[in-house]
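Before any comments, here is the structure.
No hydrogens, no waters, no symmetry mates; every other heavy atom, side chains included, goes into these values.
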Amino acid sequence: MTELRPHQVKARQQILDALAAGYKRPVVAAPCSFGKTLLAASMIKELAAEGRRCVFYCSNLKLVSQTTNTFDRLGCDYSVLQGQDWRFDPRKMIQIASVQTAVRRKRLEFDFAFIDECHVLFKSMKELMRNWSNVNFVGLSATPISKGIGADGLFDHLIVPITPRELISQGYLCPTDYYVGRAADISHVKLKALSTGGSDYDPDELAKAVEQDKCLAGDIIQNYQAHGEGKQAICFTPSIAQSKNLAQEFTQAGIPAVHIDGYMDTEERDVIYKGHKEKLYKILCCSKLLGVGFDDPSIEVLIMAHPTKSRIFYVQTAGRIWRTHPGKERAIYLDHSGNLQRFGVFPEDIIPSTLDTGETQYREKNQVKEPEEKEKKLQVCPQCTSAFSGMRCECGYTVPVVKKLYTDNQILQKMESDTGKMQQWYSELLHIANVKNYKTGWAAWKFKSKFGVWPPRSLHKVPVPPTQETINYLTHLAIKDRYARKHFASA
């Protein structure tokens, strides 16, 4: 039997505590690779053994397939309500159901339900939840920040068991390198309302604006070759037509690529997925299809050519490259959309804080936590190519006061999060302190010597093995300290 990870055990207890406290519809906000389906499957198996009929709702066919795989791993006896699936048996205690099929047939009776990707609440599902007011529903989503998700009769409690940064520190998520550069001019593109309550660029106008940039496709290919050549990648574009064209241009450049979309037959999509997984294609291009329900841990590169104003889409797409995989040390995000500058925060730092109840004017950004400390603007050093904040790089380069640096139409420049870098260093210092039995303040002092400030309270005390960079830095400090003491003694 598969054992739950510590963060899954914590989430399970938080769900039980919420139900015991009187909440009937809690939402678990957990990022990609948290193991939300495994958490739900383990709880459903226990509930079914107690005689309670349970259902796990999926929003699309791909999620149904992934869900059955997880339930199989746990040895669950389940039924599948999806189209004409031969596995459907209304007598079974566990049902895995497509939302569309389940609502259309109206044949399910149950005592407990989980709803996957619950930030996409269909009208029919809202009606179901309100009609079955005495039944417990548990929502699962990395981005439960949609409009009205916490309205009367829907979800009533938010659970955030762990953040993406914590999962990265503990090795459950892959750290990501971000490269930012050229993006099409979309300043004139109008906005359009989304079903989740927010707004995003009008898809037709956005596609036209991106098509007008004749240099963008070349830059996309050039930057993949510079930063991710040979690695498995997925690419998002504003339209299906652009996805097809970009896949063709990659192929012509000697990089095997293929387009995929939701209008293809299931069998055709499965063949493409299989070919990409077997590395017949390096790049899988789409418009939005792969944003939800696509989980291939071997994907190392995300090529983002789809500008968006939706935090939900921003986080969901980034999550496609966060899963860990043997030989995959870091993920790569190539931003050709301007999304990083637009949101001003990295995807892994967008943490849900409240459920919108519909009682006040909805704004997507009001449903997430504000950064505790506003990060300083990051720049790329022209001498050593490392990212730094402020006016001076560690290598000695100083930013000219009377000049501005522009990085348009060139190889994408790497960006790093101050918070992420600090967390990595602090975790490594804590590990060294534990191994060498140093006093608790040792890590804090070494941190201050590196960053010039004490460790912020927002950092987590999670030890991780040190990298060679940290070891070299501490060796440098030790040599410097010995030299200083020797010089003082001889003075």
Side-chain angles (χ1 to χ4, degrees), residues 7-8 10-12 14-15 18 23-41 43-44 55-60 62-64 66-67 70 96-99 112-126 128-129 136-151 153-164 166-167 172-173 194-198 200 288 290-295 308 310-320 322-323 347-358 362 364-369:
H7 53 268
Q8 294 166 332
K10 179 181 178 181
R12 177 185 181 279
Q14 287 177 311
I15 293 172
Y23 296 105
K24 297 183 69 66
R25 281 50 186 304
V27 173
V28 178
C32 169
S33 200
F34 173 92
K36 296 185 286 292
T37 306
L38 180 60
L39 165 66
M43 293 188 67
I44 285 175
V55 59
F56 186 97
Y57 284 105
C58 304
S59 60
N60 61 52
K62 186 71 174 174
L63 287 174
V64 171
Q66 293 176 2
T67 300
T70 301
I96 298 173
S98 159
V99 171
F112 204 102
F114 281 84
I115 303 178
D116 198 16
E117 304 297 346
C118 68
H119 60 276
V120 184
L121 269 184
F122 298 98
K123 181 180 179 181
S124 54
M125 181 55 70
K126 293 179 182 178
L128 178 68
M129 291 180 70
N136 292 121
F137 286 81
V138 176
L140 304 171
S141 174
T143 52
I145 57 176
S146 49
K147 183 178 181 180
I149 191 173
L154 302 181
F155 294 104
D156 58 6
H157 182 61
L158 178 64
I159 296 172
V160 183
I162 197 168
T163 67
E166 291 173 307
L167 287 174
Y172 293 116
L173 284 186
L194 296 173
S195 60
T196 54
D200 207 348
K288 284 193 173 183
L290 306 178
V292 176
F294 176 73
D295 293 317
T308 183
S310 166
R311 282 171 174 77
I312 292 176
F313 187 57
Y314 179 52
V315 174
Q316 290 283 346
T317 50
R320 300 312 104 196
W322 286 350
R323 290 183 180 274
E348 54 265 49
D349 294 319
I350 295 181
I351 313 299
S353 60
T354 60
L355 298 177
D356 180 68
T357 61
Y362 172 78
E364 195 182 59
K365 68 178 183 178
N366 292 341
Q367 312 311 311
V368 299
K369 291 183 179 179

If we ignore hydrogens and angles and just use 3.5 Å, is the side chain of [X] paired with the main-chain N or O of [Y] as donor and acceptor?
X: H7; Y: F34; value: yes
X: T163; Y: E166; value: yes
X: D356; Y: G148; value: yes
X: D156; Y: R25; value: yes
X: K10; Y: P161; value: yes

Could you give the distance from [atom1] ([X]) to [atom2] ([Y]), rounded to the nearest 0.5 Å?
X: N136; Y: F114; atom1: CG; atom2: CZ; value: 9.5 Å
X: S310; Y: I145; atom1: OG; atom2: CD1; value: 7.0 Å
X: I350; Y: E364; atom1: CD1; atom2: CD; value: 8.0 Å
X: C32; Y: Y172; atom1: SG; atom2: OH; value: 15.5 Å
X: F137; Y: Y57; atom1: CZ; atom2: OH; value: 6.0 Å
X: S353; Y: L158; atom1: OG; atom2: CG; value: 7.5 Å

Report task. Starting from the C-alpha separation in whole Å, work towards a yes-or-no answer on side-chain contact (heavy atoms from CB on, under 4.5 Å) for L167 and W322. Result -> CA-CA 10 Å; L167 287 174; W322 286 350; over 6 Å; no
Query raised in the report: Listed by chain and number, what are the side chain to side chain donor-acceptor pair (under 3.5 Å) partners of Q316, not counting sequence neighbours?
Result: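 For Q316 the side chain to side chain donor-acceptor pair (under 3.5 Å) partners, ignoring immediate neighbours, are T143, R320.
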**Report entry** Sequence-distant partners of T308, side chain to side chain donor-acceptor pair (under 3.5 Å), two or more places apart
**Finding:**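 T308 satisfies side chain to side chain donor-acceptor pair (under 3.5 Å) with D200 once adjacent residues are dropped.
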Query raised in the report: Got T37 and F56 here, is their nearest side-chain heavy-atom distance under 4.5 Å?
Result: yes
Requested in this report: Could you please spell out the steps behind the side-chain contact (heavy atoms from CB on, under 4.5 Å) verdict for C118 and L140?
Outcome: CA-CA 6 Å; C118 68; L140 304 171; 5.7 Å; no
Requested in this report: For side-chain contact (heavy atoms from CB on, under 4.5 Å), just list the numbers for V138 and V28, CA-CA rounded to whole Å, side-chain angles, deciding distance to a tenth of an Å, and then say yes or no.
Outcome: CA-CA 7 Å; V138 176; V28 178; 4.3 Å; yes
Query raised in the report: Is it true that D116 and K36 make a salt bridge, defined as a side-chain N closer than 4.0 Å to a carboxylate O?
Result: no
**Report entry** side chain to side chain contact (heavy atoms under 4.5 Å, CB included) against A151, all qualifying residues, sequence neighbours excluded
**Finding:** R130, L154
Report task. Would you indicate whether Y23, at its atom OH, is surrounded by more than 12 heavy atoms from other residues, nucleotides or ligands within a distance under 6.0 Å? Result -> no
Requested in this report: Using only heavy-atom distances, determine whether the side chains of Q367 and T354 contain a donor-acceptor pair under 3.5 Å.
Outcome: yes
Requested in this report: Taking all heavy atoms of V160 and all of P352, pick out the closest pair and write down the distance.
Outcome: CG2-O, 3.8 Å
